[in-house]
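Below, chain A is the first sequence line, B the second, and so on; all start at residue 1.
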2 protein chains.
Amino acid sequence: MKVTVDIVIFTIQSDELKVLLVKRGIPPFKGQFALPGGFVHEDESLDNAAMRELREETGVSDVYLEQLYSFGEPGRDPRERIVTVAYYALISADRSQLAAGTDTTEAAWSRMSKLPILAFDHRKILEYALERLRNKLEYTTVGFQLLPEKFSLTELQGVYEAILDKRLDKRNFRRKIELLKILKPTSEYRRGGQRPARLYRFAAARFEKLKDKGILFPF
Amino acid sequence: MKVTVDIVIFTIQSDELKVLLVKRGIPPFKGQFALPGGFVHEDESLDNAAMRELREETGVSDVYLEQLYSFGEPGRDPRERIVTVAYYALISADRSQLAAGTDTTEAAWSRMSKLPILAFDHRKILEYALERLRNKLEYTTVGFQLLPEKFSLTELQGVYEAILDKRLDKRNFRRKIELLKILKPTSEYRRGGQRPARLYRFAAARFEKLKDKGILFPF
DNA sequence: GCAAAAGTGTTATTCTTACACCCATGG
DNA sequence: CCATGGGTGTAAGAATAACACTTTTGC
């Protein structure tokens, strides 16, 4: 029985949640889009296999990566019995350039709201990943993983809105973030729009303390 | 690469959370306790493999069963590379008699508060399962899976207390359950203690409606 | 009649939600 | 000077948490 890892790689571009898909160059499902993935090597852990695939497709490492679920229906790959351990990863917008040429496959960011037909059972995997991401958003700080180191409050709210696919109230959002005390204001401002927006940094250390007390994200 | 399923089978006996362990008859870890499990057959799904193992160990089917996480460190089994897909199952007290003789291994319920040393990385799997169960308890109705069809409110509260390992306020607990409107009172009473306790039945259909509205368990 | 578990409400506090205007800058 | 997105507070309603006594039965 063979074991692969498939990775749902999310990012946010233009206020939209996107996922990385690769076009298959060989049968089965030749020409269709699929999630990036590959075989787990004999001497590497599942996590390491996922990290390797991620690096091969995008060139990035050191990003948020979490195991999702394992899929192993007989027949999910028409050639042979394959069990795949699915992962999802979050890449900040400023690092979501693709690693051109590191892989022979054609890869592209696809909008979650307008997905093509996917090979194998990858549609199911993707839906599961989105559900997990939405849940995690509500009681963890995964949202920050999709932003650069410094970001404005509007940008942070945009991440939440893109993932949850609904509008949030600006003042209530800011109050909740404020109460969590997990942001450190910088002295920098994002210019380029109209009024410049103050930039903040995620203060993870403070969040760890909150977790210990059982205080969590109330979105 | 070989794929196995391991199952964390929970039940509640004498107001305590217990887990099914089997004593290993062969090396490695001969004589130590381990989670029940076995190889995934070539033609069965992961879920079916888990259900089969569960039935072989306990004789029960048609119980709550959920995939937990996959573990695949090289070296987690000293003999060869094995990826295990862990599941957890919930069995109600009235069905937790062991299927004697259906399997050659020696199986026993062990208190979660007093676990023996476990083989392989099974301690880690068990801790992960307990964490998942505790989380699910707070926003799903898994708790009911550990009770017989009819149960008293005190028994239900006992399930929550055993799993969360903390005392809950009786009146607040009852009010919350009441508000959810997921229990149907029967005309039966549990006798044998002092004052007889009214028995209730879980009305799953009502819960589905709540889920649709996003209303969840507030424990 | 008394020990033991079942059952039952109120209040204070905290959290959530809805809602509208002024501010700083770029053009 | 005006268009654009940034920034700020309040009040009503809902949810949560703390808390003690009466009732029904078995022995």
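- Atoms CZ (Arg195(A)) and P (dC23(C)) sit 9 Å apart, rounded to a whole Å.
- Other residues, nucleotides and ligands place more than 12 heavy atoms under 6.0 Å from the CD atom of Gln13(B).
- Leu168(A) has its CG atom 13 Å from the C1' atom of dT16(C), to the nearest Å.
- Note: CG (Leu153(A)) to P (dG7(D)) measures 6 Å, nearest angstrom.
- Arg167(B) has its CZ atom 15 Å from the C1' atom of dA18(D), to the nearest Å.
- Asp169(B) places a side-chain N or O within 3.5 Å of a backbone atom of Asn172(B) that can act as its donor or acceptor partner.
- Note on Arg198(A) versus Glu188(A): no salt bridge recorded, every NZ/NE/NH1/NH2 to OD/OE distance being 4.0 Å or above.
- Contact annotation: Arg198(A) does not reach the phosphate of dG6(D) (side-chain N/O to OP1 or OP2, under 4.0 Å).
- For Pro196(A), taking side-chain heavy atoms from C-beta onward, the closest of the listed nucleotides dG26(D), dT25(C), dA17(D) is dT25(C).
- Atom-to-atom, CD1 of Ile177(A) to P of dT8(D) comes out at 14 Å; the value is rounded to the nearest Å.
- Atom C1' of nucleotide dA6(C) and atom CG of Leu199(B) are separated by 12 Å, given to the nearest angstrom.
- Distance from the side chain of Asp169(B) is smallest to dC19(D) among dG6(D), dC19(D), dT25(D).
- Taking the charged nitrogens against the carboxylate oxygens, Glu127(B) and Arg123(B) do have a contact shorter than 4.0 Å, which makes a salt bridge.
- Distance from the side chain of Arg171(B) is smallest for dG9(C) among the nucleotides dG9(C), dA6(C), dT25(C).
- Counting only heavy atoms from C-beta on, Gln194(B) has its side chain closest to dA4(C) among dT8(C), dA18(C), dA4(C).
- In this structure, the CZ atom of Arg191(A) is 14 Å from the C1' atom of dG5(D), given to the nearest Å.
- Contact check, Arg175(B) against dG9(C): no side-chain N or O comes under 4.0 Å of OP1 or OP2.
- For Thr154(B) and dA5(C), the shortest distance from a side-chain N or O to OP1 or OP2 is not below 4.0 Å.
- Between dC19(C) and Lys170(A), no contact under 4.0 Å exists linking OP1 or OP2 to a side-chain N or O.
- At a cut-off of 3.5 Å, with distance as the only test, no side-chain donor of Asp47(A) or Ser45(A) sits close to an acceptor on the other residue.
- Nearest nucleotide to the side chain of Asn172(B), out of dA18(D), dC23(C), dT25(C): dA18(D).
- As a whole-Å value, the separation of Leu179(A) CG from dC15(C) P is 8 Å.
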